[in-house]
Amino acid sequence: MAEPLFRTPKGTHDVLPQDHQYMTYIKKAVRHRARQAGYKRIDTPMFENRGVFERGIGAHTDIVEKELFLVKGAKSGDADDAEFALRPEFTAGICRSYVEQGMQQLPQPVELYAIGQCFRHDRPQKGRFRQFHQFDLEVIGLKDPSLDAQLIYVVTKILSDLRIKDRLTLQLNNIGSAENRQAFADALKDFFIGKERQLPEEDARRLKTNPMRVLDSKNEDTQIVLKNAPKLEQFLSEESRQYHATLLEYLEALGVESVPNPGLVRGLDYYNQTVFEFWDASTGAQNAVGGGGRYDGLVELLGGKSTPGVGFAGGMERMIWHMKEAGVSIPNKDQVDVFVAQLGPEAKKQCLTLVAELREKGVHTLGALGEASLKSQMRLADKFEAKYALLLGKMEVKEGTIILRDMRAGKQKQIKFDQAIPQVTKLLGEQNLDTYVLRDQIGDVDED
Ligand code: HAM
């Protein structure tokens, strides 16, 4: 094969039909569970004013500092002048929308879900892409541990629908209120006074801009110094501890198991209180399939009234990877039921309407409407793995008949032309016909 002229950009990939089966399956599970729990679907733009992310996620987080895809028009100046950025996640955009659309007027909490592409200009590696898909659930407007518990429960339901829940562990932590975190950050700064020189340049800089991020440092020296540093746990208020205890009680009542993880802080600045991630039970922190938490300050940061919120996002590529590893098979709905083959101008005309009518009845139909010989058309029917073939040659046209061939059994019979549709639909079985009535499926129209 010739070398292609263009390839997908680094860190991106085509979602080919065989992967779409998994994508669609996940989307269906998400839509189903979200609807059951009263969530409504929202779509926000794929790009936003970069300030939405800089303010919301935090200017000194990796996602904003290193991974934002900046967007500018062909006519504008250099990248630093770019007004917009591709969304690295949904939460900040959804909260921008909550404020802009006056959703505080709606009955609270407002429960929203979104499914779509996100973009992070990270170094691509296994399970980490520059364009990937998330599904996202947000509960905005009320604060109560029961909401955190219910959200986590819905997520576990989705994961068990996808048959990957047993491969994952729920890592759970409480990182306290904004004040608790501030007190901890101050204590960390104090602790490092006089020790700055033991830190690599990047960690010394983090200590100034976002001290909690020093905890995530991959540097061994930093980690050794950190062993004696104050711990976030020591700064949690009684209220935060109580909040977490109640959440654990509710999770237990719902039968959700979790692993306490005091080291879990998450890479986005907007969190407070509850944070959680779903980890691969065998490999741990690397490539979490999803994560979330409470963000009571975010809406206000984006210009709204003080409004609490809690949410979760799952990485769909990572979930698909787990589904494949677990051998989860997806029902294939792209099968070809009938292949219509014809020869001669009159046959071709009749087949054109026959194909249209079969499709209307819910039969997945392909029609070879080219000029190839019947033999090569039948070879094609075989390649498409059609269950049945209908053959209309010049003779059959004259006689008002058609040949119906069972491709698997390799048997065929001549039937009356007007019997073709009733016979085929009977053979396939009423329940297997792909009829789609929009009117009955109003909630299902958001297929994307
Ligand atoms: P996050 O932990 O940054 O949280 O991302 C959620 C999930 O998206 C990750 O656990 C992972 O599965 C997937 N993901 C993230 N980056 C990549 C990547 N480069 N390639 C492939 N998959 C990736 C959030 O985005 C928060 N907005 C979650 C949230 C919602 N918090 C509150 N509400």
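Just so you know, ligand 1 is whichever comes first in the structure, and atom 1 is the first atom listed for that ligand. No hydrogens, no waters, no symmetry mates; every other heavy atom, side chains included, goes into these values. The chain is numbered in sequence order, starting from 1. Note that the coordinates shown come from a computational prediction; the quantities given were computed from them, not determined experimentally.
Nearest to atom 4 (O) of ligand 1 among the protein's heavy atoms is Arg266 NH2, 2.9 Å. In this structure, atom 27 (N) of ligand 1 lies nearest to the protein heavy atom Glu89 OE1, 2.4 Å.
Side-chain contact between Asp280 and Trp321 is present, with at least one heavy-atom pair separated by less than 4.5 Å. With contacts defined as side-chain heavy-atom distances shorter than 4.5 Å, the pair Tyr243/Arg294 qualifies. Two residues are said to be in side-chain contact when any heavy atoms from C-beta on lie closer than 4.5 Å; Leu168 and Ile164 meet this criterion. With contacts defined as side-chain heavy-atom distances shorter than 4.5 Å, the pair Ile330/Met323 qualifies.
At least one N or O atom of Gly290 sits closer than 3.5 Å to an N or O atom of ligand 1. Considering backbone and side-chain N/O of Asp136, none are found under 3.5 Å from N/O of ligand 1. Ligand 1 has a nitrogen or oxygen under 3.5 angstrom from a nitrogen or oxygen of Thr91.
Ligand 1 does not have Met319 within reach: every non-hydrogen atom of the residue lies 4.0 Å or more from it. Within the structure, ligand 1 lacks Asp122 among the residues with a heavy atom less than 4.0 angstrom away.
Close contacts between ligand 1 and Phe129 involve ligand atoms 18 (C), 19 (N), 20 (N), 21 (C) [criterion: under 4.0 Å to a heavy atom]. Atoms of ligand 1 found under 4.0 Å from any heavy atom of Tyr271, numbered from 1 in the order shown, are 26 (C), 28 (C), 29 (C), 31 (N), 32 (C). For ligand 1, the atoms lying closer than 4.0 Å to a non-hydrogen atom of Gly291 are 10 (O), 28 (C), 29 (C).
Residue Arg120 touches ligand 1 through its side chain alone, judged by heavy-atom distances below 4.0 Å. When heavy-atom distances to ligand 1 are checked against a 4.0 Å cut-off, Glu277 has no atom that comes that close, whether in backbone or side chain. Here Gln134 has side-chain heavy atoms under 4.0 Å from ligand 1, and that is the only part of it that gets that close.
Residue Tyr270 holds the heavy atom nearest to atom 26 (C) of ligand 1 of all those in Trp321, Tyr295, Phe90, Tyr270. For atom 12 (O) of ligand 1, the nearest non-hydrogen atom from the set Gly11, Ala288, Gly314, Gly267 comes from Ala288. Considering each of Arg318, Arg130, Glu138, Glu317, the one bringing a non-hydrogen atom nearest atom 33 (N) of ligand 1 is Glu138.
The shortest heavy-atom contact between Leu137 and Tyr39 is CB-CE2, 3.9 Å.
Tyr22 carries Lys324 over the face of its six-membered ring, with the cationic atom under 6.0 Å from the centre and within 45° of the normal.
Between Phe312 and Phe276, the angle of the ring planes stays under 30°, which puts this pair in the parallel group of the 30/60° scheme. Taking the six-membered ring for Trp and thresholds of 30 and 60 degrees, Phe384 and Phe339 have nearly parallel ring planes, at less than 30 degrees apart.
Evaluation of the side chain to side chain donor-acceptor pair (under 3.5 Å) rule for Glu385 yields no partner, not counting sequence neighbours.
Looking at Glu89 and Thr91, their side chains do bring a donor and an acceptor atom within 3.5 Å of each other.
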